[in-house]
Amino acid sequence: MFKNENGNNMTPIINIGVLGSNALWMKREDFIPFSFGGNKARKAKLFFEEIDLGNYDCVVTYGGSHSNHCRVVANMAARRKMPCYLVEPKEVSDPTFNRSLMDLFDAQIITVPVEEVHETLENLLENLKLHGMTPYFIPGGGHGNIGTQAYVDCYEEIKTFEYQDNIKFDYIFLASGTGTTQAGLVCGQIINQDKRHIVGISIARKSPYGRDIIVESVKSYLTQIDDKTADKYVEFIDCYTGQGYGKENDEIIRTIKNVILQYGIPLDSTYTGKAFYGMNNYLKDNRIENKNILFIHTGGTPLFFDDIRKLKG
Ligand SMILES: *Cc1c(COP(=O)(O)O)cnc(C)c1O
């Protein structure tokens, strides 16, 4: 970690070389020093600051076996010896290292068909309360204003870096899932009135649904903002989602292999690998040249190891 002038920790931004005629930088959110880091660690830290005020005695959230969010939350709960309940959709319950880690952290995992997740969560929360518990509920992926706040903070780190290193990023690319990370960055951009492109590469959701959620998140955080402004800043690209959440293709696998061989940086096929592949294509398709590009490495390191056998081919 690096420190900014206030002595706060910042994840590093490293120059990793060129992509065509563009200069490529990467913000290493995977270096956040808790539970393999990533954007879910940055968000969960803020949720647990609320929990640590002392009014709750267990945590409830949801996500599939690929979920970095569930891993980090389970680890943070384990550290506090606090029971953690995870509701998992059966459709994404294949064995992963994240799932093994959730087991290691003793999370109680309840697997149900995806259409029953919502009801299961409601019943679970009700049951816990009936048993005298006070659960803290975290929306999937750390969605909501607290999660958005985490990436407004991250945007400020980017600003600090730009100021210190006398550089301006013309484009910021990232993997967009629930859209909270993108919403936070966009709020940061609007607050600072910066001109640049923040491009979310969707890893599953399609427009308009995926995009609308980000616009809603921006409006929920920046309550003064009008619809048109929020709308203008959200660039959500849904043409690199492949076969959907957690499903890769050969080109994504090739991208991941290139990046680890060339730069020594692990990506994964659910999130960062897909986004990096999407970014490559976006830059080519839109003939973007001679720009400074920042890719946000949003973490997910355990997922890299799930893919490792596929990389061998
Ligand atoms: C969850 C996740 C994302 C997507 O973040 P959202 O805020 O849900 O859009 C991207 N990358 C990784 C590694 C993730 O775990």
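Just so it is clear, the model here is predicted, and its values are computed rather than measured. Order of listing sets the numbers, starting from 1, for every ligand and every atom in it. We use all heavy atoms of the structure for the numbers below, so side chains are in, but hydrogens, waters and symmetry mates are not.
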For [atom], what's the nearest protein heavy-atom neighbour? Residue, atom name and distance, please.
| atom | answer |
| --- | --- |
| atom 15 (O) of ligand 1 | Asn68 ND2, 2.7 Å |
| atom 11 (N) of ligand 1 | Thr298 OG1, 2.6 Å |
| atom 5 (O) of ligand 1 | Asn39 ND2, 3.0 Å |
| atom 9 (O) of ligand 1 | Gly177 N, 2.6 Å |

**Request:** With the side chain counted from C-beta on, respond yes when Asn39 and Leu174 share a heavy-atom pair under 4.5 Å apart, and no when they do not.
**Result:**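 Contact flag for Asn39/Leu174 side chains = no.
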**Message:** On the six-membered ring of Tyr282, is Lys291 placed so that its NZ or CZ lies under 6.0 angstrom from the centre and within 45° of the ring axis?
**Reply:**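 Ring-cation test returns no.
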Please list, in number order, the atoms of ligand 1 under 4.0 Å from a heavy atom of [X].
| X | answer |
| --- | --- |
| Thr181 | 5 (O), 6 (P), 7 (O) |
| Ala175 | 4 (C), 10 (C) |
| Gly179 | 6 (P), 8 (O), 9 (O) |

**Polar atom proximity, Ser176 to ligand 1 (N or O, under 3.5 Å)** =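 In fact, backbone or side chain, Ser176 has no N or O that close.
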Looking only at heavy atoms, is any part of [X] under 4.0 Å from ligand 1, and if so is it the side chain, the backbone, or both, or is it neither?
| X | value |
| --- | --- |
| Thr180 | both |
| Lys40 | side chain |
| Lys43 | side chain |
| Ile203 | neither |

Any chance [atom1] of [X] has more than 12 other-residue heavy atoms, nucleotides or ligands included, within less than 6.0 Å?
| X | atom1 | result |
| --- | --- | --- |
| Arg79 | CZ | no |
| Glu119 | CD | no |
| Gln243 | CD | no |

**Item:** Sole residue of Thr160, Asp194, Asn192 in side chain to side chain donor-acceptor pair (under 3.5 Å) with Tyr155
**Value:**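 Of the listed options, the one satisfying the test is Asp194.
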**Request:** Quickly, which of Phe304, Phe305, Phe36 forms a side-chain contact (heavy atoms from CB on, under 4.5 Å) with Phe97? Name it, please.
**Result:**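 Exactly one candidate clears the test, Phe305.
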**Request:** May I ask you to decide whether Arg99 forms a salt bridge with Asp94, counting only side-chain N to carboxylate O separations under 4.0 Å?
**Result:**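 Looking at Asp94 together with Arg99, the answer is no, because their closest N to O distance does not fall below 4.0 Å.
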